Engineer: 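My questions all concern the structure below.
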Amino acid sequence: MSSWPELRGPAEEVAPRLLGAVLRKGPVAVRLTEVEAYAGHLDPGSHAYRGPTPRNEVMFGPAGFLYCYLSYGMHVCANVVVGEEGAAAAALLRAGEVVEGIDIARSRRPGARTDRDLARGPGRLCQAVGLVLDDDGADLSGPAVELVLPGQALAHEAGPRTGLRLAPDRPWRFWLPGEPTVSLHRRHPKASAHHPDL
DNA sequence: GCTCCGATTATCT
DNA sequence: GATAATCGGAGCG
């Protein structure tokens with residue numbers, strides 16, 4: 001039963017369709033403004049590149065479920081599983097605008113100076129929405145966690161992925177133009193070394 | 001506004 | 001034991 005016909009197809013085609021979608025957990029909901037595509041076993045940048053493990057097994061399942069993992073030992077990041085079952089394709093939820101439960105979101109992110117910082121960045125988004133490691137595998141049909149797709153695809157822009165050590169060059173980051181919650185910066189963790197550029 | 005840097009732990013080799 | 005799809009704070013303009 002493919003209850004998510006809109007999520008079929010390659011990650012880089014499905015991911016932009018998530019822009020403008022609303023993700024809710026309980027009282028807090030965000031409207032997604034920035035996502036990133038990961039093409040599973042075909043993609044050196046994906047956690048699924050080297051095959052199934054206990055952590056990434058949700059990605060190898062059907063579309064419409066949440067894949068959550070711990071990043072840098074302290075931040076939770078969330079993906080929507082997309083594509084055909086077994087392809088392990090997913091879209092990382094990079095940023096959003098809080099559209100419901102903003103007071104609760106603010107209390108969860110006391111460090112945020114402005115509302116636009118509440119869910120700007122994958123770790124911040126999960127903190128604002130209240131997503132934790134235990135939400136790994138959640139069914140996005142609800143009721144605990146729910147995803148509502150926009151009626152039609154919205155106009156978007158694309159650019160290279162950020163933060164990855166491997167395959168950062170694919171233009172698989174997608175965002176809604178003009179959204180203040182979108183962050184277009186940040187370089188690699190470490191430039192490993194200075195190559196004299198030949 | 002920008003860049004640099006250290007924190008912290010589940011997961012995999 | 002090394003790695004990592006990040007964040008927040010410090011320092012500068």
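The model shown is predicted, which means the values in this text are computed figures rather than measured ones.
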Engineer: For A:Y49 and B:dC12, give me the distance from atom OH to atom P, rounded to whole Å.
Structural biologist: 17 Å
Engineer: What is the separation between atom CD on A:E36 and atom C1' on C:dA4, rounded to the nearest whole Å?
Structural biologist: 14 Å
Engineer: What is the distance from CG of A:D136 to C1' of B:dT11, rounded to the nearest Å?
Structural biologist: 13 Å
Engineer: Considering just the side-chain nitrogens and oxygens of A:R113, establish if one lies under 4.0 Å of OP1 or OP2 belonging to C:dG8.
Structural biologist: no
Engineer: May I ask you to say what A:L70 touches in the nucleic acid, namely base, sugar-phosphate or nothing, with a heavy-atom cut-off under 4.0 Å?
Structural biologist: sugar-phosphate
Engineer: Looking only at non-hydrogen atoms, find the nearest pair between A:G20 and A:R31 and report the distance.
Structural biologist: O-CG, 3.9 Å
Engineer: According to a strict under-4.0 Å criterion, is A:H47 in side-chain N/O contact with OP1 or OP2 of C:dA5?
Structural biologist: yes
Engineer: DNA chain B: A:G73 or A:R50, which has the more 5' nearest nucleotide?
Structural biologist: A:G73
Engineer: Just to be sure I understand the rule, does A:G111 reach a base, reach only the sugar-phosphate, or reach nothing, if contact means heavy atoms closer than 4.0 Å?
Structural biologist: nothing
Engineer: Provide the Watson-Crick or G-U wobble partner of B:dC2, both distances under 3.5 Å; none if there is no partner.
Structural biologist: C:dG11
Engineer: Round to the nearest Å and state the distance from A:R165 atom CZ to C:dT6 atom C1'.
Structural biologist: 14 Å
Engineer: Expressed in angstrom and rounded to an integer, what is the separation of A:Y38 atom OH from C:dA4 atom P?
Structural biologist: 12 Å
Engineer: Give the rounded distance in Å between these two atoms: OH of A:Y69 and P of B:dA10.
Structural biologist: 16 Å
Engineer: Under 4.0 Å, counting only non-hydrogen atoms across every strand here, what does A:R109 touch: a base, just sugar-phosphate, or nothing?
Structural biologist: sugar-phosphate
Engineer: Between B:dT8, C:dT6, B:dC12, which one does the side chain of A:M74 approach most closely?
Structural biologist: B:dT8
Engineer: Could you grab the distance from atom CD of A:E84 to atom CG of A:L7, nearest 0.5 Å is fine?
Structural biologist: 10.5 Å
Engineer: Would you kindly give the OH-to-P distance between A:Y72 and B:dG6, to the nearest whole Å?
Structural biologist: 14 Å
Engineer: Aromatic contact between A:Y67 and A:F65, with the criterion being ring centroids under 6.0 Å apart: yes or no?
Structural biologist: no
Engineer: Nearest whole angstrom, please: distance from the P of C:dA5 to the CZ of A:R173.
Structural biologist: 15 Å
Engineer: Would you say C:dC7 has OP1 or OP2 under 4.0 Å from some side-chain N or O of A:R120?
Structural biologist: no
Engineer: Side chain of A:Y67 only, please: which of B:dG1, C:dA5, B:dC12 is the nearest?
Structural biologist: C:dA5
Engineer: In terms of side-chain heavy atoms of A:S46, which of B:dT11, C:dC7, C:dA5 is nearest?
Structural biologist: C:dA5
Engineer: Do A:E157 and A:W175 have side-chain atoms, one donor and one acceptor, less than 3.5 Å apart?
Structural biologist: yes
Engineer: Which one, B:dC12, C:dA5, C:dC7, comes nearest to the side chain of A:L164?
Structural biologist: C:dA5
Engineer: Are A:H41 and A:Y49, when compared by the centres of their aromatic rings, separated by less than 6.0 Å?
Structural biologist: no
